[in-house]
Amino acid sequence: MNKHAITAQPISPIPPDDLHRKLTVARPNEDEKLPHIALMGDTYTVLLSGGDTDGRYCLIDMMIPPGGGPGPHRHDFEESFTILEGEIETTFRGKKSVVRAGETINIPANAPHSFRNASHDPVRLLCICAPAGQEEFFAEIGITVASRTTRAPKLGEAAQTEFIKKAQELAPKYRTELLKPSSELPPD
């Protein structure tokens, strides 16, 4: 039995409606108040933050240019991707696979993974992280840009080094571990 599923919880009355919580409608192409964050060439738009979902999850619209995507990492929360446009090459526990438009993958908590856009066209995907918090990490290490389709500014060598240093320092706060690419790992 899955210990985190709602059916694994003791049966109890459903709490009353929390009238302090409001309906959230995210319009990524129109809403100028949504945070658009550039990270190492990718542009992430936070559609729903932990503040919107009482910390249960966050939803991020990701634009990944050709060659873009995060390096190897792992984190102590679930992460799912639904590909809206294009395809990504994902590496999960060292095994590569391709995920195409209309497909969804789930990365279990703590599993090493990465993905990249190996195509010649931009990729758009939705990312859900549960519980929320990853969007805060992105906001703390990224650069604010104008819209979800704004290309992330190209970082010079010094800026890239500073970004990586900041990401490595903040990663533990967000239950994330940045891993070395397999090509940098010593042989077994």
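As the structure is a prediction and not an experimental result, all values here were calculated from the model. Residue numbers run from 1 in the order of the sequence given.
- Cluster annotation: Leu39 is connected to Leu170 through the hydrophobic network of ILVMFWY side chains, with a link wherever side-chain heavy atoms come within less than 4.5 Å.
- There is no path of hydrophobic side-chain contacts, each under 4.5 Å, that joins Val145 to Phe137.
- Using a distance-only test at 3.5 Å, with no hydrogens or angles considered, no donor-acceptor pair links the side chain of Gln9 to the main chain of Thr7.
- Asn2 approaches His4 most closely through the heavy-atom pair OD1-N, 2.8 Å.
- Cluster membership for Phe92 and Phe81, using ILVMFWY side-chain heavy atoms within less than 4.5 angstrom, is shared.
- Scanning all heavy atoms of the two residues, the minimum distance from Ala132 to Gly50 falls at CB-CA, 3.4 Å.
- Across all non-hydrogen atoms, the minimal contact from Pro28 to Arg124 is CG-NH2, 3.9 Å.
- In terms of heavy atoms, Pro70 sits closest to Asp42 at N-OD2, 4.2 Å.
- Under the rule for a ring pair (Phe, Tyr, Trp, His ring centres under 6.0 Å), Tyr57 has no partner lying at least two apart in sequence or in another chain.
- Proximity of Ile60 to Leu47: side-chain heavy atoms (C-beta onward) are nowhere separated by under 4.5 Å.
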Please lay out, stage by stage, how Leu126 and Leu84 fare under the test side chain to side chain contact (heavy atoms under 4.5 Å, CB included).
-> CA-CA 7 Å; Leu126 291 178; Leu84 301 176; 3.7 Å; yes

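- Scored by the side-chain hydrogen bond (donor to acceptor under 3.5 Å, both in side chains) test, Arg148 finds Asn29 as partners (sequence neighbours excluded).
- With values rounded to the nearest 0.5 angstrom, Phe163 atom CZ is found 8.0 Å from Ile143 atom CD1.
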Take Ser119 and Asn117 through the side-chain hydrogen bond (donor to acceptor under 3.5 Å, both in side chains) test and state the conclusion after the steps.
-> CA-CA 6 Å; Ser119 74; Asn117 178 354; 2.6 Å; yes

For Glu87 and Glu103, what are the C-alpha separation, side-chain angles and deciding distance, and is it a side chain to side chain contact (heavy atoms under 4.5 Å, CB included)?
-> CA-CA 9 Å; Glu87 65 183 41; Glu103 298 177 343; over 6 Å; no

Report the C-alpha separation of His36 and Ser147 in whole Å, then their side-chain angles, then the decisive distance to 0.1 Å, and conclude whether the side-chain hydrogen bond (donor to acceptor under 3.5 Å, both in side chains) test is met.
-> CA-CA 6 Å; His36 307 288; Ser147 74; 6.0 Å; no

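- In summary, Glu140 and Lys166 do not engage in a salt bridge, as defined by a charged side-chain N under 4.0 Å from a carboxylate O.
- No single ILVMFWY cluster, assembled from side-chain heavy atoms under 4.5 Å apart, contains both Met63 and Phe138.
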What's the verdict on side chain to side chain contact (heavy atoms under 4.5 Å, CB included) for Val123 and Ile83, showing C-alpha distance, side-chain angles and the deciding distance?
-> CA-CA 8 Å; Val123 173; Ile83 312 305; 4.3 Å; yes

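- Side chains of Thr161 and Lys165 form no contact here, defined as non-hydrogen atoms less than 4.5 Å apart.
- Rounding to the nearest 0.5 angstrom, the gap separating the OG atom in Ser49 from the CD atom in Gln134 is 13.5 Å.
- Summarising the geometry, atom CD1 belonging to Ile107 is positioned 5.0 Å from atom NE2 belonging to His113; distances are rounded to the nearest 0.5 Å.
- Within the 4.5 Å cutoff, side-chain heavy atoms of Leu48 are placed close to those of Thr24.
- The neighbour count for Arg116 CZ, taken as heavy atoms of other residues, nucleotides or ligands under 6.0 Å away, is above 12.
- Within 6.0 Å of the CZ atom in Arg21, the count of heavy atoms belonging to other residues, nucleotides or ligands exceeds 12.
- Minimum interatomic distance between Glu78 and Ala109 (heavy atoms only, all atoms of both residues): OE2-N, 3.0 Å.
- Residues Pro65 and Arg151 meet the side-chain proximity criterion, which asks for heavy atoms closer than 4.5 Å.
- Of the inter-residue distances, the one linking Leu178 atom CG with Ser114 atom OG reads 12.0 Å to the nearest 0.5 angstrom.
- Counting heavy atoms from C-beta outward, Thr144 and Ile37 have side chains that stay 4.5 Å or more apart.
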Test side chain to side chain contact (heavy atoms under 4.5 Å, CB included) on Phe115 and Lys96 and set out the steps.
-> CA-CA 9 Å; Phe115 71 84; Lys96 290 185 181 198; over 6 Å; no

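- In this structure, Leu59 CG and Thr82 OG1 are separated by 9.0 Å, a value rounded to the nearest 0.5 Å.
- The nearest pair of heavy atoms linking Pro122 to Pro66 is N-CD, 4.1 Å.
- With contacts defined as side-chain heavy-atom distances shorter than 4.5 Å, the pair Val99/Ile88 qualifies.
- One hydrophobic cluster, built from ILVMFWY side chains closer than 4.5 Å, cannot hold both Ile128 and Tyr44; they sit in different ones.
- At distances below 3.5 Å, not a single donor-acceptor pair connects side-chain atoms of Thr90 with backbone N or O atoms of Ser97.
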Between Arg56 and Asp54, is a salt bridge (Lys or Arg N to Asp or Glu O under 4.0 Å) present by the stated rule, with each step listed?
-> CA-CA 6 Å; Arg56 290 172 169 85; Asp54 197 27; 3.1 Å; yes

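- By the 30° and 60° cut-offs, the orientation of the rings of His75 relative to Phe77 is parallel.
- Rounding to the nearest 0.5 Å places CD of Glu79 at 4.0 Å from SG of Cys127.
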